[in-house]
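Heads up, the thing below is written out as structure tokens.
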Amino acid sequence: MVEPQQTLPSLIQSSFLAVPPSTTVQRAIAMMSEAKQSCVLIVADQRLLGIFTERDVVKGSANHSLIKTQPLAEVMTQKLITIEVSETNDFFALSRLLSIKKIRHLPVLDKQEQLVGIITPTSIRKLLRPEYLLRYVRAADVMARQVIHGLPDASVMALTKKMAHHRVSCIVIINHQTFVPIGILTERDIVRFQQMNLDLNQTFARDVMSQPLSTMQPQDSLWDVNQRMHELNVRRLVISHPTGKLAGVITQSQMTKMLDPAEMYHVMKQMQETIDRQTSELKQLNQQLQTANLELDQLSKVDELTQIVNRRKLNEFLDQEWSRLGILGKPLSLIMCDIDHFKSYNDLYGHIAGDKCLREIAQTLRKATRRTSDLVARFGGEEFAVVLPNADNNGAERVAKKIIAQIQQLEIPHSSSSANGCLTVSLGAATVIPNQSNSPEMLLQAADRLLYQSKQQGRNRYSLELLAVSPSVAS
């Protein structure tokens with residue numbers, strides 16, 4: 001085992017298995033299994049001669065060519081792709097090289113061609129930091145969907161041959177009825193079984209597969225996949241549908257491939273499309289929210305029974321018109337309206353009839369005020385308010401007379417009324433030119449006082465008053 005050298009770039013895995021060419025296959029398998037390494041490098045005089053990997057063990061096991069007493073010099077791969085230390089700075093180029101050459105081990109040499117380390121998908125994955133990229137990419141976007149799988153009753157030898165034939169690093173074991181993944185066998189497992197001298201023909205998947213199986217779902221982000229791999233110290237994760245059925249597999253090699261510039265461009269394009277879609281959806285939601293808030297605001301200002309505005313909207317409207325007309329020096333009139341003997345009406349005819357009566361009065365007040373600038377509001381109980389912007393005392397009187405007349409024309413029966421047995425109303429109308437020395441509350445109080453005066457004088461009438469302008473404003 002070569003110990004780490006602190007001067008090496010962190011991308012280079014400086015702790016690796018290096019053995020002489022005379023090392024037997026059996027000894028190499030034992031070292032790989034114990035150190036949990038995916039390869040041994042064959043070195044003589046600090047010169048790299050070849051490599052022996054987990055995949056070589058799987059291939060040899062499958063075709064029965066694995067002779068454990070052979071020296072590595074006879075079975076190692078000699079034609080290697082290597083790279084100099086000075087060429088390890090381009091993160092993306094290294095990732096692209098692994099992907100294009102379809103290799104998982106890239107030995108690193110110094111200028112004297114002496115071995116100093118190795119780059120693998122594992123060492124690259126450990127440096128993955130583009131959270132902003134990985135968080136936007138789903139497992140479904142990069143996972144291998146054509147998963148080589150087997151059954152728990154299959155022999156390890158049969159599955160090893162399957163792995164070798166398809167050149168894959170793992171076999172997912174599934175329930176043949178539900179297609180739900182229940183375990184996994186990997187190249188590393190085959191190395192371990194060989195080290196244990198297991199008879200692969202008599203060993204079955206159900207007895208040796210890794211279980212329980214940790215899976216993730218297609219909608220999970222690659223960042224979460226990367227974190228899970230790191231937590232479990234594994235090089236692949238099985239992806240399952242929400243139903244539990246097998247969906248795919250993600251390997252470290254696929255994670256590393258994400259760092260290829262072309263792949264990154266594709267992913268960033270997907271990210272931009274996702275962001276654009278989410279932005280559009282957010283705008284639509286904001287518009288819907290604004291509309292809902294507007295509707296809610298309007299509903300909060302409407303009297304539920306009569307469907308005219310309530311006192312909250314009345315106060316808001318009075319404040320608004322008070323400021324506007326005060327600047328213009330124009331008059332503002334307010335009529336307070338109260339249904340005569342309404343309590344006795346409810347007692348005689350019932351509350352359902354009383355509610356109907358209130359709705360009819362509200363609609364009649366609306367008809368009596370035809371200008372769009374006027375406002376009719378329910379003040380409370382059987383009281384209503386009519387606001388007449390830019391209407392002088394004469395204008396207020398005309399509206400008051402019209403209200404009295406139109407209510408009488410309704411001929412709503414009321415046996416307790418003194419006006420020919422029909423329902424009537426009493427009004428109080430006040431007019432003022434708004435200024436800073438008085439307020440809307442003063443206008444409301446004046447109109448209410450005049451309404452009480454109409455009640456005292458016999459009801460079914462109106463009382464009118466032009467309020468004096470403050471001397472400080474008139475001067």
Side-chain angles (χ1 to χ4, degrees), residues 4 9-16 35-38 54 91-92 94-96 98-99 104-106 118-145 147 149 168-174 180-189 209-275 277-278:
S10 58
L11 182 63
I12 302 173
Q13 183 178 318
S14 54
S15 177
F16 53 88
K36 295 184 177 180
Q37 296 280 0
S38 60
E54 289 177 333
F91 202 63
F92 298 123
L94 293 173
S95 173
R96 187 166 62 252
L98 290 175
S99 177
R104 291 182 291 170
H105 306 91
L106 182 62
I118 188 170
I119 293 174
T120 67
T122 299
S123 59
I124 290 180
R125 184 175 66 87
K126 287 180 179 178
L127 292 183
L128 284 176
R129 289 297 181 268
E131 296 183 33
Y132 65 95
L133 177 64
L134 297 181
R135 289 187 189 280
Y136 277 92
V137 183
R138 302 173 307 153
D141 297 328
V142 298
M143 68 183 184
R145 297 176 185 274
V147 183
H149 56 272
V168 294
S169 62
C170 68
I171 291 280
V172 178
I173 310 303
I174 63 168
V180 171
I182 56 176
I184 192 169
L185 283 177
T186 69
E187 289 177 330
R188 180 162 293 175
D189 293 325
M209 65 185 182
S210 297
Q211 59 177 331
L213 188 63
S214 178
T215 65
M216 299 194 75
Q217 294 191 1
Q219 296 304 316
D220 290 329
S221 71
L222 283 192
W223 175 252
D224 292 331
V225 171
N226 183 59
Q227 291 296 92
R228 181 73 67 83
M229 281 186 176
H230 180 72
E231 291 168 6
L232 299 177
N233 192 27
V234 297
R235 293 179 289 173
R236 60 194 60 76
L237 276 177
V238 176
I239 309 300
S240 297
H241 291 295
T243 60
K245 288 186 178 181
L246 178 64
V249 169
I250 288 184
T251 66
Q252 285 182 345
S253 298
Q254 289 166 314
M255 296 288 290
T256 304
K257 188 179 179 182
M258 292 297 303
L259 299 175
D260 185 287
E263 288 293 327
M264 288 191 69
Y265 174 80
H266 173 69
V267 171
M268 291 179 72
K269 185 178 179 181
Q270 286 183 320
M271 285 172 57
Q272 188 59 53
E273 291 173 354
T274 300
I275 292 171
R277 185 182 69 253
Q278 291 177 343

Heavy-atom nearest pair, Val147 first then His149, reads O-ND1, 3.1 Å
Could you grab the distance from atom CG of Asp220 to atom OG1 of Thr215, nearest 0.5 Å is fine?
-> 9.0 Å
In Å, rounded to the nearest 0.5 Å, how long is the span from NE2 of His105 to CD of Glu54?
-> 6.5 Å
Heavy-atom nearest pair, Leu237 first then Val225, reads CD1-O, 3.7 Å
Tabulate below the donor-acceptor pairs under 3.5 Å that side-chain atoms of residues 239-249 make, not counting sequence neighbours, or state none.
none

Does one side chain, of Arg236 or Ser169, offer a donor that lies under 3.5 Å from an acceptor on the other?
-> yes
Set of residues satisfying side-chain contact (heavy atoms from CB on, under 4.5 Å) with respect to Asp189, sequence neighbours excluded | Leu185, Thr186, Arg192, Phe193, Ser210
Nearest-0.5 Å distance that lies between atom OG in Ser221 and atom CD in Gln227 | 9.0 Å
Under a 4.5 Å cut-off applied to non-hydrogen side-chain atoms, are Arg104 and Ser38 in contact?
-> no
Contact check, side chains of Thr120 and Gln252, non-hydrogen atoms, under 4.5 Å = no
Please step through salt bridge (Lys or Arg N to Asp or Glu O under 4.0 Å) for the pair Glu187 and Arg235, ending with a clear verdict.
-> CA-CA 11 Å; Glu187 289 177 330; Arg235 293 179 289 173; 5.3 Å; no
In Å and rounded to the nearest 0.5 Å, what is the CZ to CG distance from Arg228 to Leu222?
-> 13.5 Å
Check whether any side-chain heavy atom of Gln211 lies under 4.5 Å from a side-chain heavy atom of Ile182, and answer yes or no.
-> no
Do Met143 and Met216 have side-chain heavy atoms sitting under 4.5 Å apart?
-> no
